[in-house]
There are 2 protein chains.
Amino acid sequence: MLTDRQLFILQAIIDDFIRSAQPVGSRSLSKKEDITFSSATIRNEMADLEELGFLEKTHTSSGRIPSEKGYRYYVDHLLSPHQLKIKDVELLKSIFAEKIYELEKIVQKSAKILSELTSYTTIVLGPGVQENKLRRLQIVPLNKETAIAIIVTDTGHVENKMFSIPPSLDVNEIEKMVNILNERLQGVPLMELSDKIYREVAVLLSRHIKSYDKLVQNLAHTLDVPGHEKLFFGGKTNMLQQPEFNDLDKIKTLLSMIDQEQDMYKLLSKNPAGIHVKIGRENKISAMENCSLITASYSIGKEQVGTIAILGPTRMQYSRVISLLDLLSHDLTSALTRLYQKA
Amino acid sequence: MLTDRQLFILQAIIDDFIRSAQPVGSRSLSKKEDITFSSATIRNEMADLEELGFLEKTHTSSGRIPSEKGYRYYVDHLLSPHQLKIKDVELLKSIFAEKIYELEKIVQKSAKILSELTSYTTIVLGPGVQENKLRRLQIVPLNKETAIAIIVTDTGHVENKMFSIPPSLDVNEIEKMVNILNERLQGVPLMELSDKIYREVAVLLSRHIKSYDKLVQNLAHTLDVPGHEKLFFGGKTNMLQQPEFNDLDKIKTLLSMIDQEQDMYKLLSKNPAGIHVKIGRENKISAMENCSLITASYSIGKEQVGTIAILGPTRMQYSRVISLLDLLSHDLTSALTRLYQKA
DNA sequence: CTTAGCACTCAATAAGATAGAGTGCTAACA
DNA sequence: TGTTAGCACTCTATCTTATTGAGTGCTAAG
């Protein structure tokens with residue numbers, strides 16, 4: 001177990017390093033106001049903390065920097081709650097200032113402002129549409145061969161996709177079909193749509209519509225792919241400002257990982273509720289070695305629908321970022337709930 | 001006027017520099033197979049070419065590099081037509097391999113493949129929707145206060161937006177209104193929609209609908225903002241690979257300019273038909289000083305609808321990129337025309 | 001247990017030294 | 001008169017070497 005003094009020193013070192021990005025030496029630490037013991041004492045404690053794995057040296061005679069284990073301990077036990085600046089809070093609240101109806105816009109604005117506030121990179125995993133329920137299906141013919149299928153979900157999300165229609169088909173038939181489909185499929189989650197069409201509605205349709213099979217096939221296939229949740233980014237290049245990334249190779253690997261959206265999906269997709277901090281290699285991706293990721297989930301009502309995350313260097317302002325994310329995720333949840341749950 | 005030999009040397013220098021990114025010296029040039037005169041002669045010619053402004057030195061005793069004026073002359077007069085590799089052509093054609101209906105997907109895929117092919121950054125300005133004509137307007141109520149307006153254009157583009165409805169309004173009334181609007185507004189360009197609603201349809205509506213004024217106001221406002229054309233990017237970080245950007249500051253300015261989409265709009269928006277090359281400062285943006293931009297327009301039918309561009313260092317493979325862009329813009333035009341002009 | 005003192009280490013910076021690629025100019029040559 | 005060999009000169013890049021300063025570990029005294 002760590003002594004109080006060790007905890008105090010560990011915290012002081014990490015705080016200092018987060019601020020300065022420079023290895024912390026015993027002498028400079030001892031000069032701080034609230035430290036009563038000498039640099040030699042600090043050196044001894046540092047040696048112990050290093051042996052325990054909380055600190056590291058960059059070379060034999062350098063000051064100490066936190067190890068991943070050090071950060072982990074710091075985040076779990078030493079984090080002093082951060083009092084957000086009024087300006088910060090105001091900026092966050094400004095996301096919801098104008099009456100916005102589009103979820104995408106809110107999310108995008110959140111990402112932008114959060115990245116400005118932190119100088120880190122913001123990543124938002126938008127709500128998946130797969131679980132949304134169908135509110136209305138609409139088909140608009142464009143010409144004799146193609147039509148557009150439009151899906152409106154209960155959350156107000158609109159998906160659309162072109163598909164080809166058998167040339168023999170009559171416009172009235174399409175209308176008939178749309179009516180039947182709407183009657184039968186309202187409230188069905190999108191992910192079950194095509195399945196439901198085949199199993200329940202196809203039979204019914206076959207009675208009313210002539211060349212229904214080809215049409216239904218096309219349509220079902222069209223409805224089947226409302227794709228993955230969407231990712232939104234803010235401050236993609238903010239990491240360039242961080243002193244730990246003044247190395248070209250590091251930047252290259254990091255930026256190309258950010259552009260590799262699949263990796264980002266992995267990082268953000270399995271998210272239990274609440275705020276979570278993943279430090280360095282805990283992220284299981286080599287390009288994230290010097291980065292930490294703080295994630296927070298947001299919901300509509302009780303249902304968790306997305307994740308908002310900050311990607312920064314391991315030397316990150318954990319306390320402040322956590323406060324910001326906590327506030328924003330709550331605001332986001334209540335705004336979205338207010339907007340969509342009245343239905 | 002330049003002599004034949006000067007032209008030959010200028011071309012050789014630029015070709016060499018584009019390949020190697022190293023200043024070209026007289027001695028290394030003279031060693032080339034197809035050069036019959038000595039390095040001293042080349043030195044003399046180089047001095048002349050420098051005096052004329054086509055070449056530059058990086059320092060007093062360095063080899064020569066092309067000046068912007070040199071590149072300009074090279075692009076205008078010395079470009080040898082580039083024979084595309086079969087593999088390149090195949091890759092380009094693969095964009096249209098699967099039957100895709102969504103314009104966005106085609107455009108995105110184009111950007112991706114083009115950036116892979118060139119190792120530069122691709123920027124595509126998608127078709128603007130302002131000129132598209134209304135095919136169908138649809139309104140789907142979500143709850144008592146909000147509804148979604150959906151616009152389908154003649155090109156199959158779908159826009160949607162939430163708006164609030166006066167709580168007193170009846171569902172039937174909305175349906176009535178939608179019918180009237182569709183009857184009156186079909187074929188009207190989106191940019192004229194709200195105007196037309198106020199001037200022609202409002203009177204008509206007032207006869208049939210109770211609390212029409214507030215509703216129409218909301219709706220017209222909603223339809224009014226189908227925003228700017230969309231930008232698509234491919235290989236945003238490809239420039240990191242280019243040797244001229246091994247400098248952190250240059251990368252920072254360049255990448256943040258790319259993320260500043262408004263600058264990109266400026267660069268791509270006023271585009272006469274055909275392929276155009278803008279070299280370095282010709283782009284009028286300081287961050288573009290070491291970059292060239294090659295743009296090509298693409299059309300649906302006769303109507304030019306978008307721009308596809310490659311952003312690379314001034315030391316760019318002009319000939320190859322122009323060939324690639326030329327091929328792609330034509331393919332894109334014919335694919336889109338085939339897809340949308342049958343209406 | 002704490003601390004002053006000292007020898008030692010390492011990174012960062014600056015200062016020479018050297019090699020190499022390249023130029024400009026001059027004079028000889030065809 | 002145009003071309004070329006030769007030479008002195010310039011500048012960059014790279015390698016060495018020296019110096020400084022921040023920092024450590026260890027020892028011995030308080």
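Protein chains get the first letters and strands the later ones, always in sequence-line order, with residue 1 at the start of each.
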Separation between OH of Tyr120(B) and CD1 of Ile310(B), rounded to the nearest 0.5 Å: 9.0 Å
Take atom CD of Glu45(B) and atom C1' of dT1(D), then tell me their distance rounded to the nearest Å. 14 Å
Length of the CZ-C1' vector between Phe37(B) and dT1(D), whole Å: 18 Å
Applied to residues 2-18 of chain B, the salt bridge (charged side-chain N to carboxylate O under 4.0 Å, His left out) test, sequence neighbours excluded, yields Arg5(B)-Glu45(B), Asp16(B)-Arg19(B), Asp16(B)-Lys32(B)
Given atom CD1 of Ile35(B) and atom C1' of dT4(D), what is their separation to the nearest angstrom? 15 Å
Which heavy atom of Ser292(B) sits nearest a heavy atom of Ile279(B), and at what distance? OG-CA, 3.4 Å
Round to a whole Å and report the spacing from CD1 of Ile42(A) to C1' of dT2(C). 12 Å
Applied to residues 278-293 of chain B, the salt bridge (charged side-chain N to carboxylate O under 4.0 Å, His left out) test, sequence neighbours excluded, yields Glu68(B)-Arg281(B), Arg72(B)-Glu282(B)
Which nucleotide in the set dT4(D), dT3(D), dT3(C) lies at the smallest distance from any side-chain heavy atom of Ser38(B)? dT4(D)
On the nucleotide dT3(C), are OP1 or OP2 found under 4.0 Å from the side-chain N or O atoms that Thr41(A) carries? yes
For side-chain contact (heavy atoms from CB on, under 4.5 Å), just list the numbers for Glu56(A) and Ile65(A), CA-CA rounded to whole Å, side-chain angles, deciding distance to a tenth of an Å, and then say yes or no. CA-CA 5 Å; Glu56(A) 285 173 355; Ile65(A) 62 172; 4.1 Å; yes
Sugar-phosphate or base contact per nucleotide [nucleotides 7-26 of chain D; S, B, -; heavy atom under 4.0 Å]: ---BBS----------BBBB
Considering all heavy atoms of both residues, which atom of Leu55(A) and which atom of Glu50(A) are nearest to each other, and what is their separation? O-CG, 3.5 Å
